[in-house]
Amino acid sequence: MHNPDRPVEVEVVERVAETPSIYTLHLRFTDPEVASAYRLLPGQYNMLYLYGVGEVPISIVSDPDHEGPLEHTIRSVGRVTEGMERLQVGDRMGLRGPYGRGWPLEEAEGRDVVIVTGGLGCAPVVSMIRYVLSRRERFGRLVILQGVKHTDDLIWRRQYERWQALPNTQVLLAADVGGPNWPFSVGKVTVLFNQANIDRDRSIVMLCGPEVMMKASIDRLLALNVPPESMWLSIERNMQCGIGHCGHCQVGPYFVCQDGPVFHYPALRPWLGVTGF
Amino acid sequence: METSARFLPRSSVDSLFDAIRHEGFSRLVGPVVRDGAIVYREIASAADLPRGMRDRQAPGTYRLESQDDSVRTFSWANGPQALKPMTFAPREALWRCERDESGGLGFRDAAQEHEPTAVIGVRACDLAALQIQEQHFLKPPYPDPHYAARRSSLFLVAVHCSHPADTCFCASTGDGPRAESGYDLAMSELDEGFVVTGGTDRGRAVLASMGLDPASSLQQDKADREVEAAALGQGRSLPSRNLKDALYARLEHPHWDQVGRRCLSCGNCTAVCPTCFCHAEQDEPALTGETSEHLRQWDSCFTAVHSYMGHFLVREETRLRYRQWLTHKLASWHEQYGRSGCVGCGRCIAWCPVGIDITAEVAALMESGDAQS
Ligand SMILES: Cc1cc2nc3c(=O)[nH]c(=O)nc-3n(C[C@H](O)[C@H](O)[C@H](O)COP(=O)(O)OP(=O)(O)OC[C@H]3O[C@@H](n4cnc5c(N)ncnc54)[C@H](O)[C@@H]3O)c2cc1C
Ligand code: SF4
Ligand code: SF4
Ligand code: FES
């Protein structure tokens, strides 16, 4: 029986410092056979392994049809992620995946795609944004609402500015605390709904970020008569195995590692915002 | 192959053990008394079995008593140790990573050789729990080879329960006291010996190789009556219906606070529970720096780290951990595995240091229909 817990070796081929505590690793499989068999969907994640320290779940930001290395954008917060920050080009690590359910690509075809994201929870939606942008004709409008705490938390700022200039695309940004060079809104992401141009019948909404932010945003969307069936969200829980065995990621009946991390809102509705789940 | 019940005289139990060894299961594990409790350890012969031992169990209490006039060796209900550690090890390596001089990493599977072992005296509740754990660990698309290897090394000899403890309630969950499936051989103990039936081809082969007489209908009736009495004698119960909706409707019930104030969040209940599957993973690098082992180790939803998210815990308060445990066992388990996650073994009641009783807590939660008050 194949051992689903065992990673394979990958090599760091590029390392980008996004902010003082956020970095992007581009990882290449050292075994070409593994590389050619690997298939991913936007919204899925990998378990990344740092030698001698441990494994962590990290979203994949690469495009599924891109043949090059896999991109992971990581924030240093603890043992594993701080250790990974010290990796250099040429260093080896472990990877297994991809795991979980990604964004609903088929449901999204032909519709306006509304992305709502807050905090640093943007990695899972970046893959989706890139997916839409490189297949522009298959989707309607792209609306991106992004909230951050501090203005300098906004990674991919240049990317956002580039997206803003694209046709059929609306990008709205808000920071809890504004700053001298912050041309956008100040406040929670929910302040952006007034400015957003959301067609309730044509839109599919994808949310990612702190759960209070997502819940508040969903309430606003419901008030705009966006049907619950049009909303999807990506959540995080403690994950040790990624394959439905260790039990840490449970939310009610779900194993977030496999049943998520992307959920259809109606399925998650009873649990969203209930303290303790 | 014939399947009718056979009679094993008490004096021939060692011949049964020999026949099992002959089938390829050289190591025997059975109930023995250790540190005042009945647990499963390696045994050599029938003489190692806990003759005349009776247990007294109550919330927060477990005590053994010796009855010198009894010849019986299975007149007890389960102690703290379930079958679980033999299939889902408390701590085991999943893989090993080797690092060469140039920094290259090689990932190797942990060795998975387990000596074929026969377990003597498995109880119905533990067999039911085994089926639940199999559903969990062997479900597609990622069946767990570590679990599978341990499971396939076992030959299981069930003994139907004739002496349930006061904490047992398997009759109400439908998981005992008779072992219904999942065993190779099943036995009922009478004073003069055992009524034995086969559950698998290899179990029946063992039985056939012994040339035993058929059990008389008198012996079979007596054995059946003891098991029936064991079911009727159980004082505790859980409602036999699916409690999912009732519990989900009571997530804000004040009783969670009440039990949360008594609970020590020690995790004993999850450690003794035969169905709990949670585990943590961790790396253990060798001091030489050339290899690191990746291990899994039992964990519990009563620990703080279980729900650790870096900047916060999903379940900071004890009442939330108790609610996670109970609603997982009795509500969400139905959605995950099509049945409740409790087999009525009563271990969590006896081994709770403050005597929290799952049946009483459920009754208290259900008593008030005013769910949201
Ligand atoms: C599906 C999913 C996708 C994620 N994608 C990204 C991403 O793209 N970029 C990114 O920077 N972070 C991401 N995270 C969060 C990231 O996994 C944690 O920050 C990381 O596990 C922290 O590990 P640590 O050892 O450095 O920190 P420590 O604080 O030392 O954590 C110890 C252990 O606790 C667990 N843990 C702690 N925080 C989290 C958490 N937030 N989520 C899950 N497990 C946690 C891990 O097992 C971790 O090893 C994602 C989490 C999930 C569940
Ligand atoms: S919850 Fe308690 S009674 Fe039920 S199976 Fe687990 S330990 Fe036994
Ligand atoms: S979440 Fe709690 S009750 Fe459920 S399997 Fe894990 S330890 Fe047991
Ligand atoms: S991460 Fe282990 S069960 Fe989901």
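Given the structure is predicted, the values throughout are model-derived calculations rather than measurements. All values below come from the heavy atoms of this structure, side chains included, with hydrogens, waters and symmetry mates left out. All chains are named by letter (A, B, ...) in the order of the sequence lines, taking the proteins before the strands, and each is independently numbered beginning at 1.
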(request) Measure distances from A:T30 to the heavy atoms of chain B and classify the residue's part below 4.5 Å as side chain, backbone, both or neither. (result) neither

(message) Checking B:S340 against B:K244: is there a side-chain donor and acceptor pair closer than 3.5 Å?
(response) no

(message) Between B:S102, B:P143, B:G289, B:G106, who has the most heavy-atom pairs with chain A when the cutoff is under 4.5 Å?
(response) B:P143

(request) Have a look at A:F263 and tell me which of A:W232, A:W271, A:Y254 forms a ring-ring contact (aromatic ring centres under 6.0 Å, His included) with it. (result) A:Y254

(message) At a heavy-atom distance under 4.5 Å, which candidate from A:G78, A:P7, A:G54 has the highest pair count against chain B?
(response) A:P7

(request) Could you tell me which portion of A:R79 (side chain, backbone, both or neither) has an atom closer than 4.5 angstrom to a non-hydrogen atom of chain B? (result) neither

(message) So for B:E281, is it side chain, backbone, both, or neither that comes closer than 4.5 Å to the heavy atoms of chain A?
(response) both

(request) Inspect the contact between B:R321 and B:E316 and indicate whether a charged nitrogen and a carboxylate oxygen are less than 4.0 angstrom apart. (result) no

(request) Sort out for me which of B:R319, B:E293, B:E290 touches chain A most, counting heavy-atom pairs under 4.5 Å. (result) B:E290

(message) Quick check on the interface: out of B:L320, B:T327, B:L313, who has the most heavy-atom pairs with chain A under 4.5 Å?
(response) B:L320

(message) Please determine whether a side-chain nitrogen of the Lys or Arg among A:E211 and A:R237 lies less than 4.0 Å from a carboxylate oxygen of the Asp or Glu.
(response) yes

(message) Under 6.0 Å from the ring centre and within 45 degrees of the ring axis: does the NZ or CZ of B:R96 meet both conditions for the six-membered ring of B:F107?
(response) no

(request) Please state whether the side chain, the backbone, both or neither of B:H146 comes within less than 4.5 Å of a heavy atom of chain A. (result) side chain

(message) Is A:Q258 close to chain B through its backbone or its side chain, or both, or neither, when contacts mean heavy atoms under 4.5 Å?
(response) side chain

(message) If I measure from the heavy atoms of chain B, does A:V10 come under 4.5 Å with its side chain, its backbone, both, or neither?
(response) neither

(request) Pick one of side chain, backbone, both or neither for A:C241, based on which atoms fall under 4.5 Å of a heavy atom in chain B. (result) both

(message) Can you confirm whether more than 12 heavy atoms, excluding those of B:R262, are under 6.0 Å from its CZ atom?
(response) yes

(message) Can you tell me which of B:R323, B:E317, B:H334, B:R296 forms the most heavy-atom pairs within a distance under 4.5 Å of chain A?
(response) B:R323

(request) Name the region of A:F277, side chain, backbone, both or neither, that has any atom closer than 4.5 Å to a heavy atom of chain B. (result) both

(request) Sort A:V77 into side chain, backbone, both or neither according to what part of it lies under 4.5 angstrom from a heavy atom of chain B. (result) neither

